[in-house]
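Beneath this line is the structure, given in C-alpha cells, with notes to follow.
This is a predicted model, so every value here is computed, not measured.
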Amino acid sequence: MREAVMYDAPPVPGVPYPGSLMVGQQFTEATLREKLASFGTRVELGGELVELAQDRDQVTASVRFDGQHQDVRARYLIGCDGGGSTVRKQVGIDFLGETWEQQRMLFGNLRVDGLDASVAHMWATGPGGGMLTLAPMPRSGTWFFTAPLPPDDGQGTSPVSVETFADIFSQRVGMSGVRFHDAVYLSVYQVNIRMVDRYRDGRVLLAGDAAHVHTPAGGQGMNTGVQDAYNLGWKLAHVLRGAPEPLLDTYEEERLPIAEHVLASTTARGRFWSSDDSARVSERIVGAFQGRDPFSDVSQLSITYRGSSLARDLDEAIGIRAGDRAPDAQPAPQVSEGRRGDVHTHRILPPGLPCSDSESALIDSAGEAHDLYGVDGDGLVLIRPDGYVALTGGSWDDQSVADYLERVTGDRAHRFERVAAAARSAW
C-alpha cells in the first residue's frame with residue numbers, strides 16, 4: 001500500500017494555478033451552467049438528436065423532445081456529444097483507432113468510511129491485478145475509485161453496484177473496517193484510443209470526446225475537450241459577426257495535432273500504469289500530479305500553436321513567440337476592459353517612466369511582465385481571445401497590426417476582445 005498527499009502546488013509567476021485539481025464532475029458542470037445562465041442561456045436537457053442535414057447556408061437538426069420532433073435550424077452545428085457521437089456518424093467522419101478489448105476499468109465516485117481522507121491510497125493488487133486507488137475528492141466528501149477488471153470478469157455486461165466495488169476492494173485489498181455507500185456514479189470503462197482525421201464537415205464541427213478518446217491515465221480528457229471549445233468558440237463568434245469563413249479551418253489546424261499528442265502520451269502512460277512494476281507505477285502516478293511526468297505535461301499549460309497560420313512574429317526581438325500561451329502577469333493598476341468586442345490597447349511600463357493621463361497604462365512594478373514575455377525595451381504582443389499569443393514584434397507599425405487583424409477577422413475595426421500592445425519600454 002502507498003499513501004500520497006494530493007499535490008497542491010503554490011502559484012508561481014506566469015502560472016497562478018499550477019499542478020492538478022481533482023474536482024467532481026457535478027461541481028464542474030454546475031459552475032459552467034451558472035456561467036452560461038449569466039448570459040441568459042441555459043442547457044436544455046431531455047433532447048435527442050435524430051438526424052441532421054446541411055446545405056450551403058444552414059444546418060437543420062431534427063431533435064426529439066418527449067416523443068415530439070422539432071427541427072432546429074442554425075448556421076453551424078457543433079457536435080460535443082461524446083465518444084459515441086451521433087453528429088460524427090451523421091456526417092460520416094471516421095473514428096480511427098483501436099479498442100483495448102482486454103483492458104477495462106472500474107470507476108466510481110462514492111462515499112467511503114474507514115480511510116484517512118487527508119491522503120490518496122494506492123494498493124498493488126498482485127501480478128496482473130494492477131493498481132487499485134482511492135483518492136479523496138474536495139468539497140464533496142466522496143472518493144474516486146479506480147481498479148482494473150480482468151478480461152473474464154463479466155462486469156462489462158452486467159450493472160455495477162456499490163456491492164460490486166466493495167467486493168473488488170475486499171478481494172484485492174482485504175482491509176477490514178472500510179465501508180462503501182452513497183454512490184454519485186459507478187461505471188465500467190472500456191479503453192478506446194480513437195480520433196477523427198478531420199474536425200469539420202461543411203457547417204458541422206466536432207469537439208471533445210466526439211473528436212478524440214483515449215485512456216484516462218493522467219486525467220487529460222476534460223481539459224482537452226474544454227480547450228477544443230475554447231479554441232473554436234472565439235473563431236466561431238467572429239465568423240458569425242462577419243470574419244472570413246476560413247477562420248474556422250484553423251480550428252482543425254491547431255487542435256488536431258494536440259489530439260494526436262494527447263493520444264500518444266496517454267497511451268504510453270496507460271501502458272506503463274497497467275504494468276506489474278507496482279513500485280514504479282505508484283511513483284509515476286504521484287509524479288504525474290506533481291508536475292513530474294515523463295510522458296507529457298498533464299497541466300496542458302505548455303500547449304503551443306507555434307507554426308499555425310494565425311501565429312505571426314514580425315521579428316525575433318521578443319522572447320515569447322506567436323502561438324505560445326500568454327503567461328499571467330500582475331501589473332498595476334488594473335484598468336477596465338472597455339466595451340466588449342473592442343481591441344484593448346494598453347502600455348505596460350516599468351516604474352518611473354512617464355505617461356500621459358489619457359493613456360491606458362499598467363505599471364510593471366516587479367518587472368514580472370517584461371520577464372515573462374521576454375521584452376527588453378520596446379515590444380508589442382497581440383493576445384487572442386483564448387489567451388494565446390497572436391502576433392509579436394520588437395518593431396512594428398500600425399499597418400502591420402491592422403493587416404493581421406483584417407486577415408483574421410475581416411474587419412478593420414479589429415474586433416479582438418483582448419489585446420496587449422505597447423510602445424517605449426512596454427509589451
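Applying the salt bridge (charged side-chain N to carboxylate O under 4.0 Å, His left out) test to Arg306 and every residue at least two apart in sequence or in another chain returns Asp324. Listed by chain and number, the residues in a salt bridge (charged side-chain N to carboxylate O under 4.0 Å, His left out) with Asp249 are Arg200 (sequence neighbours excluded). Partners of Arg198 according to the salt bridge (charged side-chain N to carboxylate O under 4.0 Å, His left out) rule, which considers only residues two or more places apart in sequence or in another chain, are Asp201. Partners of Asp376 according to the salt bridge (charged side-chain N to carboxylate O under 4.0 Å, His left out) rule, which considers only residues two or more places apart in sequence or in another chain, do not exist here.
Sorted by first and then second residue, the salt bridge (Lys or Arg N to Asp or Glu O under 4.0 Å) pairs with a member in residues 22-31 read Glu29-Arg33; sequence neighbours excluded. The ring-ring contact (aromatic ring centres under 6.0 Å, His included) contacts involving residues 180-202 comprise Phe107-Tyr189, Phe145-Phe180, Phe169-Phe180, Tyr199-Tyr251, where partners must be two or more places apart or lie in separate chains. Listed by first and then second residue, the salt bridge (Lys or Arg N to Asp or Glu O under 4.0 Å) pairs involving residues 12-27 amount to none (not counting sequence neighbours). Residue pairs meeting the ring-ring contact (aromatic ring centres under 6.0 Å, His included) criterion with at least one partner in residues 292-314, sequence neighbours excluded, are Tyr305-Tyr388. Listed by first and then second residue, the salt bridge (Lys or Arg N to Asp or Glu O under 4.0 Å) pairs that reach into residues 210-219 come to none, sequence neighbours excluded. Within the structure, salt bridge (Lys or Arg N to Asp or Glu O under 4.0 Å) pairs that include any residue of residues 180-194 do not occur (at least two apart or interchain).
The backbone N or O of Ala322 sits less than 3.5 Å from a side-chain atom of Asp313, completing a donor-acceptor pair. One N or O on the side chain of Ser299 and one on the backbone of Leu301 form a donor-acceptor pair closer than 3.5 Å. Checking side-chain atoms of Thr215 against main-chain N and O of Thr266 turns up a donor-acceptor pair under 3.5 Å. Of the possible donor and acceptor atoms, none in the side chain of Asp328 sits under 3.5 Å from a partner among the backbone N and O of Val15. For Gln90 (side chain) and Leu52 (main-chain N/O), a donor-acceptor pair under 3.5 Å exists by modelled atom type. Distance alone, capped at 3.5 Å, is enough to place a donor-acceptor pair between the Asp297 side chain and the Ser302 backbone. Counting only distance, with no hydrogens or angles, the side chain of Tyr404 and the backbone of Leu310 share a donor-acceptor pair below 3.5 Å. In this structure, Asp209 contributes its side chain and Val213 its backbone to no donor-acceptor pair below 3.5 Å.
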task = Would you sort out whether Thr133 and Thr146 count as a side chain to side chain donor-acceptor pair (under 3.5 Å), showing the intermediate values?
result = CA-CA 5 Å; Thr133 69; Thr146 72; 2.5 Å; yes
ask   = Checking salt bridge (Lys or Arg N to Asp or Glu O under 4.0 Å) for the pair Arg42/Glu34: CA distance, chi angles, key distance, verdict?
value = CA-CA 9 Å; Arg42 63 183 178 87; Glu34 181 180 347; over 6 Å; no
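Residue Phe27 qualifies as enclosed at atom CZ: its count of foreign heavy atoms under 6.0 Å is above 12.
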Side-chain donor/acceptor pairs under 3.5 Å, residues 216-228, sequence neighbours excluded:
residue, atom, partner, partner atom, Å
Gln220, OE1, Gln300, NE2, 3.2
Gln220, NE2, Gly218, O, 2.8
Gln220, NE2, Val298, O, 3.0
Thr224, OG1, Gln220, O, 2.6
Thr224, OG1, Gln300, NE2, 3.0
Gln227, NE2, Gln300, OE1, 3.2
Asp228, OD1, Arg255, NE, 2.8
Asp228, OD1, Arg255, NH2, 3.2
Asp228, OD2, Gly208, N, 3.0
Asp228, OD2, His212, NE2, 2.6

Indicate every side-chain donor-acceptor pair of residues 62-74 with a distance under 3.5 Å to a residue at least two apart or in another chain.
residue, atom, partner, partner atom, Å
Arg64, NE, Glu48, OE1, 3.4
Arg64, NH2, Glu48, OE1, 2.7
Arg64, NH2, Glu48, OE2, 3.4

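Donor-acceptor pairing under 3.5 Å is recorded for the side chains of Ser309 and Glu253. A side-chain donor-acceptor contact under 3.5 Å links Ser296 and Arg269. Ser161 and Glu163 share a donor-acceptor pair across their side chains, judged by distance under 3.5 Å alone.
The only option from Leu256, Asp94, Leu96, Val262 that meets the side chain to side chain contact (heavy atoms under 4.5 Å, CB included) definition with Met195 turns out to be Leu256.
Relative orientation of the Trp234 and His238 rings is perpendicular, given thresholds of 30° and 60° on the angle between their planes.
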